[in-house]
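Structure record follows, encoded as structure tokens.
We name chains A, B, ... by the order of the sequence lines, and we start the count at 1 in each one.
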Amino acid sequence: MRWSKTLLCTLREDPKDAEIVSHKLMMRAGLLVKLEGGLYSYSPLGVRVLHKVENIVREEMDRAGASEVLFTALQPISLWEESGRAGIMGKSMFRLRDRNDDTMVLGPTHEEVATDYLRTLASSYRQLPVTVYQIQTKFRDEIRPRFGLMRCKEFVMKDAYSFDIDSDAADISYQKMYDAYLRIFRRCGLDAHPVEADTGAIGGNHSHEFMVLAPSGEDGILHCPSCRYAANQERAERRAPPCDWATPSAEPRARVATPGAHTVDEAAAALGIASDQVVKSLVYLADGKPVMVLLRGNADLCEPKLRRALGCSEVEMADPETTARVAGPFGSIGPIGVSIPVYADNALKEARDVAVGAGEEGFHVVHCNLMDDPDVKIARWEDLATVVAGDRCPRCGEPLELARGIEVGHVFKLGVKYTKTMGFSVLDAAGKSVTPVMGCYGIGVSRTVQAIAEQNNDKDGIVWPAAVSPFQVALLALDPKNPEVAAAVDALESALEKAGADVLVDDREERPGIKFKDADLIGCSVRVTIGARSLEKGGAEVRLRRTGETTLLPLDAVPARVAELLAAN
RNA sequence: CGGAGUGUAGCGCAGACUGGUAGCGCGUUUGGUUCGGGACCAAAAGGUCAAGAGUUCAAAUCUCUUCACUCCGACCA
């Protein structure tokens, strides 16, 4: 492709809207054009990267035995009512009406459509296992789109769905996808790590996310340096920290004035004890019903854990009025004598001598024995605390480390959640009707593009891995009007393309400095420069973007050298 | 939805407190000199100052309302 024949515009300065490095660089390199928040057009350059990632995904899905299909983006709401997700996905699903006034949705995901597709086609165990996948535009009315392609209202996703006759077979399908994901991200030049994850609105009982480590990532990841345990912070577990007050106090339970103390730290200071010895009591609304949560004073509640523990679909902190009504004023909440269900974090199991809010402004109760106090009714003990850096690994006990990650892929074991509710069954070998076991597997393709840029850049611009570089080679014609240069560029372009490389020829009438800067910014893996000067010295200059390593070669030796560099990068 | 911030030329910004005919840099166009790491000189084009209402002789500037975008939280590939 000739630069002069396409509309490629680079930006000299960072756009004001962009916050993270990949977003800035993709905008500056002219890969994206913003239409609105969460909506971006791909330029001729950007769409090439997208297609390259798509093709890697396609090849690895095919290799793993999945079959490509294409579902519709537009779906009838009735499918979602059938699965029971119309409510759960409700707010993030774009809805519209057709001319018959029927409600349609723009698919945020395709579990329902996939299940419907299978139930219309499959009726025998002999047709299973089967895994279908598609690369589709998804629509989600995101609460907050951000960071360019990272979180968009419209984005490209690869989603796959496996159907198996039983759970053991489903595990095999899951593992195939898991392995394929590792290969896909490796081929994209990404360092992506599988971590145990929460299943969220998709549902199911087991899932892994594939995380690209980056400080700008939206998720916290706890990982253990000694045993390789890794989990999303929404789900990570820990061994309960040691407890220094596991023996009941000799003193009786007592009400103590703590005027003005509203936080755990203030209460601890007023009482002259460690903040961890003060129980943090929170009132939450679980699907609208108030519940109390107890944690150690220095722990934070992990809301997804609470949601899972309670089996509800939404939890939120209760408003001050509700809190005051069921448990006393903010800052003095406590579990003694409350009538709502109380859920306590496992780390409090040994607590025999702690302080709690008295349920009354300005008072706390000390020497409370949570386990045995007749006025404290713990409905259930659960793992509810957010795990933080330094907490002990649930597997091996070593301290965990915290990192940030970008979620580029997610694999789920769904069980029979959709197949059962949507009435998909097949006959097994004995002629008995069975409900197939399902898995689903997503890759955020457009997000992956940006994650690659986030992980592969330097002060001059993006450094695309060769497999996804918009063009593998940027061929700079430093003086396109010089006939010798033009002839050499033409010849080399053909030779490179014949050798299987794709080439962007910068034939603009610009000064050399501009071409070098733009080439660095766009980040094609290999740069080949031809100018009067290089011809005088005997050929063309070949430079690897990632290292800056440069060699001057005779023109006919260039294609082989380029191929060598591309293969190694 | 809650909290914070920003809207002025294609892009990045100043001007606002103290109201008085719209500025700078980059980019764009034309001419010239340059030409291997974002050149220089000269000339030019380009703006209902986010929108609406109000105050005023006069509003980018003061007041109110609305909208959009960005950031922090809940949602997720």
Closest to side chain of [X], choosing from [options]:
X: A/E234; options: B/rG36, B/rC75, B/rA77; answer: B/rC75
X: A/R151; options: B/rG38, B/rG37, B/rC75; answer: B/rC75
X: A/E541; options: B/rG36, B/rU70, B/rG38; answer: B/rG36
X: A/S534; options: B/rG38, B/rG36, B/rU70; answer: B/rG36
X: A/Y40; options: B/rG36, B/rC76, B/rU70; answer: B/rU70

Euclidean distance, atom [atom1] of residue [X] to atom [atom2] of [N] [Å, nearest integer]:
X: A/K517; N: B/rG36; atom1: NZ; atom2: C1'; value: 13 Å
X: A/R447; N: B/rA77; atom1: CZ; atom2: P; value: 8 Å
X: A/D159; N: B/rA77; atom1: CG; atom2: C1'; value: 10 Å
X: A/M211; N: B/rA77; atom1: CE; atom2: C1'; value: 10 Å
X: A/E142; N: B/rG73; atom1: CD; atom2: P; value: 14 Å
X: A/Y161; N: B/rA77; atom1: OH; atom2: C1'; value: 11 Å
X: A/R144; N: B/rG73; atom1: CZ; atom2: P; value: 7 Å
X: A/F94; N: B/rC76; atom1: CZ; atom2: P; value: 16 Å

- Task: Might you work through the salt bridge (Lys or Arg N to Asp or Glu O under 4.0 Å) test for A/R508 and A/D518, ending with a clear yes or no?
- Result: CA-CA 11 Å; A/R508 294 175 299 170; A/D518 277 345; 3.0 Å; yes

- Item | Within residues 467-477 of chain A, residues whose heavy atoms come under 4.0 Å of RNA chain B | none

- What residues in residues 55-75 of chain A put a non-hydrogen atom under 4.0 Å from any atom of RNA chain B? none

- Query: Can you say whether the rings of A/H208 and A/Y174 are parallel (under 30°), tilted (30 to 60°) or perpendicular (over 60°)?
  - Reply: tilted

Would you indicate what [X] reaches in the nucleic acid, counting non-hydrogen atoms under 4.0 angstrom: base, sugar-phosphate, or nothing?
X: A/F147; result: sugar-phosphate
X: A/K34; result: sugar-phosphate
X: A/E36; result: sugar-phosphate

- Task: May I ask whether A/F155 stacks on the base of B/rA77, given the cut-offs of 5.5 Å between ring centres and 30° between planes?
- Result: yes

- Using a cut-off of less than 4.0 Å, is there contact between a side-chain N or O of A/R307 and OP1 or OP2 of B/rC75? yes

- Reading 5' to 3' through nucleotides 3-14 of chain B, protein heavy-atom contacts under 4.0 Å coded B for base, S for sugar-phosphate only, - for none: ---S----BSS-

- Note on the structure: On a heavy-atom basis, the closest approach of A/F185 and A/T448 is CE2-OG1, 4.0 Å

